Structures are given as C-alpha cells and as structure tokens.
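Please read all numbers here as calculations on a predicted model, not as lab measurements.
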Amino acid sequence: MSQPLPRSTVTPLTVGIEPVYQPVVALDSRAVMGYEALTRPCADSPWTSPIELLEAAHVMNATVAFDWRCRLAALRGALDAHMPPDMVLFVNAEPVALDAPPPADSAALLAAAGALSITVEITERHLMRNPAGLLRAVEHARHLGWRVAIDDVGADSSSLALLPLIRPDVIKLDMRMVQGRSTSETAVIVSAIAAESDRTGARVLAEGIETEEHEHTALDMGATVGQGWLYGAPGPLPNFTQTLTPHRPAHPEPAVTVRVPTAVTPYGVVSALGAPRRSGRSLYDEMEMGLLRTAAAMGPSAIVIATRGPDHGARHSFDAILDELAGRTALTAVFEPCPAREAARYRAVTVDASDPLALERSIIVVAPFQTAALVGLDRGTSDDGRHSYNYRLTYDRNVVLDAATVLLHRLSA
C-alpha cells in the first residue's frame, strides 16, 4: 500500500484524483436513468476526502481551478465509458467556478461533452453571498447546454428562497429530509418544492436513500428520482459499449430558459403593466409598511429587496423594520443613494445619484408561496408642497421575479 505524499510536495491541482459515479434511478421502477459524478482523492493523497481537498483549494485561492479540474475529469470518464446521451450525467459545481471561464486547454473536451446529457448541480453553500455571481453561473451553464440542479434543498432556507429565481430543472432534496423524522418544517419545505415543481416541471430527486423506508418517504415527498446506497455505491461507470444496463431514458424536454429581463430597473419592468397610479407620500408610506409587515411573516425562505430615493419618507421606522427582516429572512438588501448607517443588519448597496435607480422607491418580496412588488418613481414636490410617486403594486409572479432579478444582478459578493 502506497504511503501518502507529504502535503508540501503536492497541491489540490497536482495531487491524483479520480471520478466515481453513483447510480440515479427512477423511483417507480428503480431503472437507472443516470449517474452522479463524485471526486475521490487517490490512495497516495495526503487529503482523505473531497471536502478536505476543496478546503485546501480554497486556502490556496484555487477553488475555481480545482472545481473545473474535478468537473473535466468527470466528463472525461463519461466519454471514455461511452455514456449514451439518453442517460443523465450529474456533475457538481461551485457557483464561483461556473461564473469563471473553463481552462484554455479544455475546449476539445467540452466540445466532445456536448454529446452528453449533463445536469450541473449547484451546491447550496453560501448561495446568498453573491447572488449576481450565482445568476451568471446559471446562465453560463445553460449557455453550455447543461441543465441545472440545486443540491441539498431543505438543508438551508436560502435554497428555497432562490428556487423561483434560478428555476432549476432538478430539485435535489437534502438527505436529512429523507432519513429524518418528518416535522412541520419538513412539511413547509415539501409544499414549497411541490409548488415550484408544479409551476416549472422541475423533477424532484431524493438523496441518501439507503433503506426501503427511505424510499417510501421520498415518494411521499413527491420525489420521482432517487439515489443512495440502496441502488448502488459510487464506483466506476460500466462500459456502455459492452454492458447492457437497463435504464430509463432521460426526459427529452429542453432546459428551463434563463430569466433575462430587458429593463434595467424595477420601474422599467413594471411599466409594461400599463399606466402607473399616482400617490402622495403618506399613502405610499403606509403601502410600503404594509408590504414590509407581510414580508416579516414569510419567514427564512423569503427575499426582501428595497430601493429608496434620497427623499424617503418614514426613514427611522423603515430602518427598524429592515433590521428585523434581516434577522428573519434569507436575504434583505437595500439599494439607496446614501450610505447605510454602520449598525445596519441588512445588505446595503450605495447607488450613484446619476443612476436611474436612485429615483425609485420600491419593495420587492419573493417567497415560495407569495410574491409582491410595490415599485414607485419619485415625482418630487409640487408647487402646493405635495410629494408624490408614480407607482405600480403587483402580485404577478413573473413580473415580480423579473424585478427582483434586475436588482440581484447588482448584488455581488
């Protein structure tokens, strides 16, 4: 047995790694419909697990290069095994790596991999840290012709909050949901996933199925696809030119399209709804507060995004509610021309005074079961001293999600 190499002589970019593949099955028949590619360190590696390797790559600021190295190794293994295009290959990816170009010498391999049916799994760790990068990563994956899966949904509320914005083709249930005891929180997560699956046609995949009981639980939760030790441990792929492996063909439907609003501000998005309404400051303050109170009741799977102009009305009470929301929601962010106070708990983005967004005063709320947007344009103070806004209040889900997407594209790490 070979001895591990000293860490001083290798790095995550030079140490030996190998891909292994775990079967993914259709739960109604247990027929294999694809494989998830996983990375394992070779026997002489000083790192004993893929998590250790990923952490070491992060320490040396090489997460992007290491992530691409693992993904390309998985693609190469699938091509070497002649994996047919009617089977799905699941590959893992960190959003920061998907948002970066592939290595220069990978063009030929990526071109050959165009014959594979690839679904890229975006890990749920730190999804809210860089929403703009995450959305770009999803766009890049789909431009490569890959479908998108969100991994470990249910392990963190932020994954639920982002489902309607990412619109994944596959929703992967965290294994703790399948293996653990059902609770009221589990029921809320399952209901949110079911609603999203019904809206978009996303398939629900349950991870960590190790027993018949786990399989029954997965089916009860609405999963149609599963993986786990009940169906096979990670290992080499079969040689598909020699082995007749029973499998379920992958669904041929196209991937969900990328949400790309044409407007550059939320008011531009809602303008498509028709002529705006007019409101004075007092009424607008009350409508805004009402929407914020509604958002506070939506819990940790909600996203709240606000914009406010330089002449915002109820500033003090507005700040207090936003601070409270920041502790309750997956994300609360504010775009404003003035720098946020130092003690603010929400994510703050300073907007240049010349930016059209500086004249908008909006509240956008996105949650699994409800979306809403109050979007106003500051009309200033008239000769009679009345401050007014042109506005639209909408609960149209697509319009609200487009407005949220416009702002999230501005919210970088």
Got a list of side-chain donor-acceptor pairs under 3.5 Å for residues 54-65, not counting sequence neighbours?
none

Task: All pairs passing side-chain hydrogen bond (donor to acceptor under 3.5 Å, both in side chains) where residues 64-78 contributes a residue, at least two apart - done: Asp67-Arg71
Open item on the list: Can you tell whether the side chains of Glu18 and Arg40 come within less than 4.0 Å, N to carboxylate O?
Closed with: no
Open item on the list: Between Ser354 and Asp352, do the side chains contain a donor N or O and an acceptor N or O under 3.5 Å apart?
Closed with: yes
Task: From CA spacing to verdict: side-chain contact (heavy atoms from CB on, under 4.5 Å), Trp146, Val148 - done: CA-CA 7 Å; Trp146 299 351; Val148 173; 5.9 Å; no
Open item on the list: Donor-acceptor check, side chain of Asp355 to backbone of Ala358, threshold 3.5 angstrom: yes or no?
Closed with: no
Task: Enclosure of Phe369 CZ (heavy-atom neighbours >12, cutoff 6.0 Å) - done: yes
Task: Min side-chain heavy-atom separation Val15-Pro46 under 4.5 Å - done: yes
Task: Taking every non-hydrogen atom, the tightest pair across Met298 and Ala367 - done: SD-CB, 3.6 Å
Open item on the list: Looking at Ala37, is its backbone amide N or carbonyl O close enough to the side chain of Asn92 to form a donor-acceptor pair, meaning the two atoms are under 3.5 Å apart?
Closed with: yes
Open item on the list: Quick one, Ile150 with Ile171, criterion side-chain contact (heavy atoms from CB on, under 4.5 Å). Give me CA distance, side-chain angles, the key distance, then yes/no.
Closed with: CA-CA 5 Å; Ile150 295 294; Ile171 300 170; 5.7 Å; no
- [ ] State whether the number of non-hydrogen atoms from other residues, nucleotides or ligands found under 6.0 Å of Glu213 atom CD is greater than 12.
- [x] no
- [ ] Identify whether the distance between the nearest side-chain nitrogen and carboxylate oxygen of Arg308 and Asp319 falls below 4.0 Å.
- [x] yes
Task: Residues Glu196 and Arg199 bridged, charged N to O under 4.0 Å - done: yes
TODO: Run the salt-bridge test on Glu36 and Lys172 with the 4.0 Å N-O cut-off and return the result as yes or no.
DONE: yes
- [ ] Find the distance between OG1 (Thr307) and CG (Leu377) and round it off to the nearest 0.5 Å.
- [x] 10.0 Å
TODO: Indicate the atoms forming the closest heavy-atom contact of Gly77 with Leu237, along with that distance.
DONE: O-CD1, 4.0 Å
Task: Donor-acceptor under 3.5 Å (Arg379 side chain, Ser279 main chain) - done: no
Task: Stepwise side-chain contact (heavy atoms from CB on, under 4.5 Å) test for Thr119 and Leu89 - done: CA-CA 6 Å; Thr119 295; Leu89 176 66; over 6 Å; no
Task: Lys/Arg N to Asp/Glu carboxylate O, Asp169 vs Arg142, below 4.0 Å - done: yes
TODO: Spell out, as yes or no, whether a donor-acceptor pair under 3.5 Å connects the side chain of Arg328 to the backbone of Ala296.
DONE: yes
Task: Ile364 side chain near Pro266 side chain, heavy-atom distance below 4.5 Å - done: yes
- [ ] Taking all non-hydrogen atoms of both residues into account, name the closest pair between Leu53 and Pro41 and its distance.
- [x] CD1-CB, 3.8 Å
TODO: State, yes or no, whether a side-chain contact exists between Leu13 and Phe66 at a heavy-atom distance under 4.5 Å.
DONE: yes
Open item on the list: Please check this pair: side chain of Glu207 against backbone of Asp174, looking for a donor-acceptor N/O pair closer than 3.5 Å.
Closed with: no
Task: Nearest non-hydrogen partners of Val270 and Thr394, listed with the distance - done: CG1-CG2, 4.4 Å
Task: Any donor-acceptor N/O pair, Ser197 side chain to Ala202 backbone, under 3.5 Å - done: yes
- [ ] Look at the side chain of Ser191 and the backbone N and O of Ala187, then say whether any donor-acceptor pair between them is shorter than 3.5 Å.
- [x] yes
Task: Gap separating the CG atom of Leu374 from the CZ atom of Arg361, nearest 0.5 angstrom - done: 8.0 Å
- [ ] Look up atom CG in Leu407 and atom CD in Glu360, then write down how far apart they are to the nearest 0.5 Å.
- [x] 8.0 Å
Task: Val120/Leu98 under side-chain contact (heavy atoms from CB on, under 4.5 Å): CA gap, chis, key distance, verdict - done: CA-CA 9 Å; Val120 61; Leu98 274 180; 3.9 Å; yes
Open item on the list: Donor-acceptor pair, distance only, cut-off 3.5 Å: does the side chain of Tyr284 make one with the backbone of Gly376?
Closed with: yes
Task: Side-chain donor/acceptor of Ser49 to backbone N/O of Glu52, under 3.5 Å - done: yes
Task: Shortest non-hydrogen contact between Pro131 and Leu411, atoms and distance - done: CD-O, 3.2 Å
Open item on the list: Please check this pair: side chain of Ser106 against backbone of Pro102, looking for a donor-acceptor N/O pair closer than 3.5 Å.
Closed with: no
Open item on the list: Rounded to the nearest 0.5 Å, what separates atom NE2 in His409 from atom CG in Leu135?
Closed with: 4.5 Å
